[in-house]
Amino acid sequence: MEYSKDLSIIVPLYNEEDSLGELLAWIRSVTEAAGYDYEVIFVDDGSTDGSWARIKELGEGDDRIKGISFRRNYGKSAALYHGFAKAEGRVVVTMDADLQDSPEEIPEMYRMIVEDGYDVVSGWKQHRQDNKVTKNLPSKLYNATARKITGIKLHDMNCGLKAYKNEVVKNIEVYGEMHRYIPYLAKNAGYDKITEKPVKHQKRKFGKSKFGMERFVNGFLDLLSLWFLSVFGKKPMHFFGFSGLLMFLVGFVMTVWIIVAKLVHQSKGVVYRAVTDQPLFYLALVAVMMGVILFLAGFICEMISRNSQERNQYNIKETMD
Ligand code: UDP
Ligand code: MG
């Protein structure tokens, strides 16, 4: 595959006007020293400050500087999605606009993609320069969970600084807030040569962080969704049907037990408690109903996946005729 450029640098940003000039100068000094034929794609995610005006000013007379401006704020994933669609470089790098990520890491990441043949090189903020307790500790926990569920051994899944083979970014679809799990999206699309590189991390110089503590709860929910989609996305009944069957069976056995016990006592002429006077009755009721509900969920999901355009979408590596 031929690419019109060596390198595309995608910078998603939301209200970062004060950082942009310094960032671009820094990117330029690194990419020009390395001699890349590059492009920088700024994606302004609906900034309400002067970010877009600044981008236009910076890009004047230099067609390597490109930009997209959203009419409103959609989130980092949306910004990356459009950046990926536009990227023409053989290697695609993403980085935050707030000067926390260092462009000096780019040449080595670029080399790892081109020479070592990695699909994804993810940054690892080994010495993270953020507020210690509220960000660093939950982040460690979150990354440990992500490692377990995704099976990708990364210390810092959500680092903004990453490098990809162009093919990877064209074959994944970042949506919602899934920018936190791009390596997982890549793996699910069949690109599993994923590694990490320790990167320098600076304190935020201007502006403020756009993500708070809710990132960990939302991040975990998204992780569950992605896991479900990757394991059962094309066969949801295997998940719902199995748990439904189990529930239904448990409820059924309890029901039979309740009825048999009642009949046996009655046949002996013993006065026995009413069926509804025992806890088991209610447990049986709940179990049977849960079973039915799970089954219904399974059938509905099967109908949805049957109608999905993606139901027969596979990423083909090569064909031979
Ligand atoms: N960002 C964005 N859209 C948003 C929120 C953030 O494009 O809705 C950008 C932001 O401008 C920055 C990057 O995403 O370039 C990372 O955000 P931030 O620095 O706030 O995250 P943190 O470093 O606190 O994890
Ligand atoms: Mg930041």
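It should be emphasised that the depicted structure is a prediction, and the values quoted were computed from it without experimental measurement.
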### Hydrophobic cluster of Val260, others only, ordered by chain and residue number, side-chain cut-off 4.5 Å
Phe252, Val256, Val264
#### Entry: Value rounded to 0.5 Å, distance of CG in Leu229 from CG in Leu224
11.0 Å
### Query
What residues, two or more places apart in sequence or in another chain, satisfy ring pair (Phe, Tyr, Trp, His ring centres under 6.0 Å) together with Phe228?
Phe232, Phe239, Phe240
### Members sharing Met303's hydrophobic cluster (side chains within less than 4.5 Å)
none
### Query
Can you list every pair that meets side chain to side chain donor-acceptor pair (under 3.5 Å) and has a residue in residues 265-288, with sequence neighbours left out?
Arg273-Gln278
### Query
What's the verdict on side-chain hydrogen bond (donor to acceptor under 3.5 Å, both in side chains) for Glu177 and Ser77, showing C-alpha distance, side-chain angles and the deciding distance?
CA-CA 6 Å; Glu177 289 188 18; Ser77 291; over 6 Å; no
### Query
Of all residues at least two apart in sequence or in a different chain, which pass the ring pair (Phe, Tyr, Trp, His ring centres under 6.0 Å) check with Phe84?
Tyr164
### Query
Under the ring pair (Phe, Tyr, Trp, His ring centres under 6.0 Å) test, which residues partner Tyr14, sequence neighbours left out?
none
### Task
Check whether more than 12 heavy atoms from other residues, nucleotides or ligands sit under 6.0 Å from atom NZ of Lys234, and answer yes or no.
yes
### Message
Could you check whether any side-chain N or O of Asn143 sits under 3.5 Å from a backbone N or O of His155, counting only pairs where one atom can act as donor and the other as acceptor?
### Response
yes
### Message
Go through it in stages, so that I can follow the logic: the residues are Lys170 and Glu167, the test is salt bridge (charged side-chain N to carboxylate O under 4.0 Å, His left out), and I'd like the CA-CA distance, side-chain angles, deciding distance and then a yes or no.
### Response
CA-CA 5 Å; Lys170 302 294 180 190; Glu167 191 189 330; over 6 Å; no
### Message
If you count every heavy atom of other residues, nucleotides or ligands that lies below 6.0 Å from Phe206 atom CZ, does the total exceed 12?
### Response
yes
### Message
Are there over 12 heavy-atom neighbours, none belonging to Glu32, within less than 6.0 Å of that residue's CD?
### Response
yes
### Query
Residues two or more places apart in sequence or in another chain: which of them pass salt bridge (charged side-chain N to carboxylate O under 4.0 Å, His left out) with Glu310?
none
## Note on the structure
Residues at least two apart in sequence or cross-chain that pass side-chain contact (heavy atoms from CB on, under 4.5 Å) with Arg204, listed by chain then number, are Glu16, Asp98, Gln100, Ser209, Lys210
### Task
Taking side-chain contact (heavy atoms from CB on, under 4.5 Å) as the test, write out the residues that go with Thr150, two or more places apart.
Ile152, Met157, Tyr184, Leu223
### Task
State which residues pass side-chain contact (heavy atoms from CB on, under 4.5 Å) with Glu104; sequence neighbours excluded, sorted by chain then number.
Trp26, Val30, Ser102, Lys200
### Summary
Rounded to the nearest 0.5 angstrom, the CG-CG distance for Asn136 and Asp130 is 6.5 Å
### Message
Donor-acceptor check, side chain of Asn15 to backbone of Ser47, threshold 3.5 angstrom: yes or no?
### Response
no
### Task
For a side-chain contact (heavy atoms from CB on, under 4.5 Å) with Leu13, tell me which candidate from Leu23, Asp44, Val43 qualifies.
Asp44
### Message
Under a 4.0 Å threshold between the charged nitrogen and the carboxylate oxygen, would Glu108 count as salt-bridged to Lys197?
### Response
no
### Query
Is the shortest distance from a Lys or Arg side-chain nitrogen in Lys193 or Asp116 to a carboxylate oxygen in the other one below 4.0 Å?
no
### Task
Using a strict cut-off of less than 4.0 Å between a Lys/Arg side-chain nitrogen and an Asp/Glu carboxylate oxygen, indicate whether Glu17 and Arg54 qualify as a salt bridge.
no
### Message
Looking at Asp156 and Lys125, would you say the former's side chain and the latter's main chain have a donor-acceptor pair under 3.5 Å?
### Response
yes
### Task
Flag the pair Glu22 and Lys205 as a salt bridge only when some basic side-chain nitrogen lies within less than 4.0 angstrom of an acidic carboxylate oxygen.
yes
### Task
Could you tell me which residues satisfy ring pair (Phe, Tyr, Trp, His ring centres under 6.0 Å) with Phe70, sequence neighbours excluded, listed by chain and number?
Tyr74, His82
### Query
How far apart are the closest heavy atoms of Glu105 and Pro198, and which atoms are they?
OE1-O, 3.9 Å
### Message
Please confirm whether the ring centroid of Phe295 lies under 6.0 Å from the ring centroid of Phe248.
### Response
no
### Query
Tyr181 side chain to Gly219 main-chain N or O, any donor-acceptor pair under 3.5 Å?
yes
### Task
Return the set of residues passing side-chain contact (heavy atoms from CB on, under 4.5 Å) with Ala33 (not counting sequence neighbours), or none when no residue passes.
none
#### Entry: From Lys162 atom NZ to Asp101 atom CG, the distance as rounded to the nearest 0.5 Å
9.5 Å
### Message
Quick one, Gln202 and Gln129 - any side-chain contact, counting heavy atoms below 4.5 Å?
### Response
no
### Task
Output, in order, the C-alpha distance, side-chain angles, deciding distance and verdict of side-chain hydrogen bond (donor to acceptor under 3.5 Å, both in side chains) for Tyr191 and Asn171.
CA-CA 9 Å; Tyr191 300 100; Asn171 279 293; 3.1 Å; yes
